[in-house]
Colleague: 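My questions will all concern the structure given below.
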Amino acid sequence: MNLIKALQEKKNFSQYEKELADYILEHSEEVIRMSIRDLSKSSYTSTSTIIRLCKKLNLSGFKEFKINFSRELEAEYKQISKVDANVPFNSRDSMIVVSKKIAELSKDTIDLTQQLFNDQLLNKAVKMIMKADQIFAVGVSNSFVKLNDFHLKMLRIGKYVHLVHSQPDQVFLATNATTRDVAILLSYSGTTAEIENIARIIKRKKIPMIFISSNLNCYVAKISDVIIPLPNQEDAKANISAFSSQTAIFYALNVLYACIFKMNYEENITSRELRKKSYLHF
């Protein structure tokens, strides 16, 4: 018998047994390490209810249940490989299975993103940033949040990324930039109206532009000097959350920061140590 499926379906279970089954599914890894008394106490269920549930599952008792349940969990974990980026889990999954699926999706996304990078691409982007008088970045919503994290990391190595939230201020930044500056634009879909508007200004002023996106055929991609590609795994209309796209963006920006850090590695390491010492004196 498939215990996990039986616990999910709850056929012929009493109300107390249904509640116990839900608890077991939600705390699966904890349950296999529990004694029957531990489970009784944690689930607010009597030991007799636990035994009755085991009997309904055609098992001799709780010890046999734990052995079989542990085997099924291990088999289920091994089956977690390709996870749907739009709907990575379902309502029947236990909490630990959800966590493993999100971990698997994150690893797959990072691997796919890394495969899109090459030395020439990263070198060109880093050199543009290193030689720029000023760096400014534009993104909206979740992209803005990720750019803000990049902005904070860059501050730690003495590089200031101009980043503002409102659309008028973003237009102001682009309008006042020069050809000696560099713009970093971020849009996973590549069709964000605010990003397109800023890109037009940047193109008109001939400002060097780095574009981070999964859409390599959009208008902004076609006019950018460098495109940092992201894997296109999500459908904005079908996904339950932007798990994959946000992981890809975060990874891409971390790689960009790390490559910039590398350019003045010893200097950045030294300044980091000096900052640590200065913090200790406060």
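Counting begins at 1 with the first residue of the sequence.
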Colleague: I'd like to know if the side chain of Glu196 reaches the main chain of Tyr219, judged simply by a donor and an acceptor atom lying under 3.5 Å from each other, with no hydrogens or angles considered.
Modeller: no
Colleague: Can you check whether Phe150 reaches Ile184 side chain to side chain, under 4.5 Å on heavy atoms?
Modeller: yes
Colleague: Does the salt bridge (charged side-chain N to carboxylate O under 4.0 Å, His left out) test come out yes or no for Lys10 and Glu17, once each step is laid out?
Modeller: CA-CA 8 Å; Lys10 304 178 182 64; Glu17 290 164 353; over 6 Å; no
Colleague: Please assess Lys222 against Asn217 for the test side chain to side chain donor-acceptor pair (under 3.5 Å), listing each intermediate value before the final yes or no.
Modeller: CA-CA 7 Å; Lys222 290 175 181 177; Asn217 297 312; over 6 Å; no
Colleague: Is there a donor-acceptor pair closer than 3.5 Å between any side-chain N or O of Lys66 and the backbone N or O of Arg33?
Modeller: no
Colleague: Whether the side chain of Ser224 engages the backbone of Val220 through a donor-acceptor N/O pair (distance < 3.5 Å, no angle test) should be reported.
Modeller: yes
Colleague: Evaluate the side-chain proximity of Ser99 to Ile96: yes if any heavy-atom separation is below 4.5 Å, no if none is.
Modeller: yes
Colleague: Do the rings of His162 and Tyr160 sit parallel, tilted or perpendicular, given the 30° and 60° boundaries?
Modeller: perpendicular
Colleague: What heavy-atom pair brings Asp149 and Asn254 nearest, and what distance separates the two atoms?
Modeller: OD2-OD1, 4.4 Å
Colleague: Identify the two heavy atoms, one from Ile102 and one from Pro88, that lie closest to each other, and give their separation to 0.1 Å.
Modeller: CD1-CG, 4.0 Å
Colleague: Output the distance between atom CG (Asn232) and atom OG (Ser214), rounded to the nearest 0.5 Å.
Modeller: 4.0 Å
Colleague: Under a 3.5 Å threshold, yes or no: a donor from one side chain and an acceptor from the other, between Arg52 and Thr49?
Modeller: yes
Colleague: Any ion pair linking Glu104 and Lys107 (charged N to carboxylate O, less than 4.0 Å)?
Modeller: yes
Colleague: Is it true that a side-chain atom of Thr192 and a backbone atom of Glu194 form a donor plus acceptor pair closer than 3.5 Å?
Modeller: no
Colleague: What's the separation between atom CZ in Phe65 and atom CG in Leu53, rounded to the nearest 0.5 Å?
Modeller: 6.5 Å
Colleague: Scan Thr247, Thr109, Asn86 and name whichever one has a side chain to side chain donor-acceptor pair (under 3.5 Å) with Gln233.
Modeller: Thr109
Colleague: Within this structure, what is the CG-OG distance for the pair Leu20 and Ser43, rounded to the nearest 0.5 Å?
Modeller: 5.0 Å
Colleague: Quick check: is Ile269 connected to Met263 through a chain of hydrophobic side chains (ILVMFWY, heavy atoms under 4.5 Å apart)?
Modeller: yes
Colleague: Just how far is it from atom CD of Gln114 to atom CG of Leu112, taken to the nearest 0.5 Å?
Modeller: 10.0 Å
Colleague: Going from OG on Ser42 to NE2 on His27, what distance comes out if it is rounded to the nearest 0.5 angstrom?
Modeller: 8.0 Å
Colleague: Which atom names give the shortest non-hydrogen contact between Ala132 and Val182, and what distance separates them?
Modeller: CB-CG1, 3.5 Å
Colleague: Just by distance, do the side chain of Asn268 and the backbone of Asn264 share a donor-acceptor pair under 3.5 Å?
Modeller: yes
Colleague: Given the rule that I, L, V, M, F, W and Y join up when any side-chain heavy atoms are under 4.5 Å apart, are Ile135 and Ile207 in one cluster?
Modeller: no
Colleague: Determine yes or no for a side-chain-to-main-chain donor-acceptor pair under 3.5 angstrom, with Ser141 supplying the side chain and Ser143 the backbone.
Modeller: no
Colleague: Transitively linked via ILVMFWY side-chain contacts under 4.5 Å: Phe250 with Phe144?
Modeller: no
Colleague: Are the side chain of Glu72 and the backbone N or O of Leu3 linked by a donor-acceptor pair below 3.5 Å?
Modeller: yes
Colleague: Check whether more than 12 heavy atoms from other residues, nucleotides or ligands sit under 6.0 Å from atom CG of Asp133, and answer yes or no.
Modeller: yes
Colleague: For the pair Asp225 (side chain) and Met209 (backbone), establish whether a donor and an acceptor sit closer than 3.5 Å, ignoring hydrogens and angles.
Modeller: yes
Colleague: For Asp22, is there an ion pair with Lys18 - N to carboxylate O distance below 4.0 angstrom?
Modeller: no
Colleague: Could you state the interatomic distance from CG (Leu173) to CG (Leu163), rounded to the nearest 0.5 Å?
Modeller: 8.5 Å
Colleague: Please check if Val255 and Val145 belong to a single hydrophobic cluster, counting links between Ile, Leu, Val, Met, Phe, Trp and Tyr side chain heavy atoms closer than 4.5 Å.
Modeller: no
Colleague: Establish whether Leu147 and Ile157 are linked, either directly or via other cluster members, by ILVMFWY side-chain heavy-atom contacts under 4.5 Å.
Modeller: yes
Colleague: Locate the shortest heavy-atom distance separating Ser35 from Phe62; write the atom from each residue and the value.
Modeller: C-CE2, 3.7 Å
Colleague: Can you name the closest pair of heavy atoms from His151 and Val161 and give their distance?
Modeller: ND1-O, 2.9 Å
Colleague: Give a yes or no answer on whether the side chain of Asn176 reaches the backbone of Phe172 with a donor-acceptor pair at less than 3.5 Å.
Modeller: yes
Colleague: Closer than 3.5 angstrom, by distance alone: can the side chain of Thr113 be matched with the main-chain N or O of Leu230 as a donor-acceptor pair?
Modeller: no
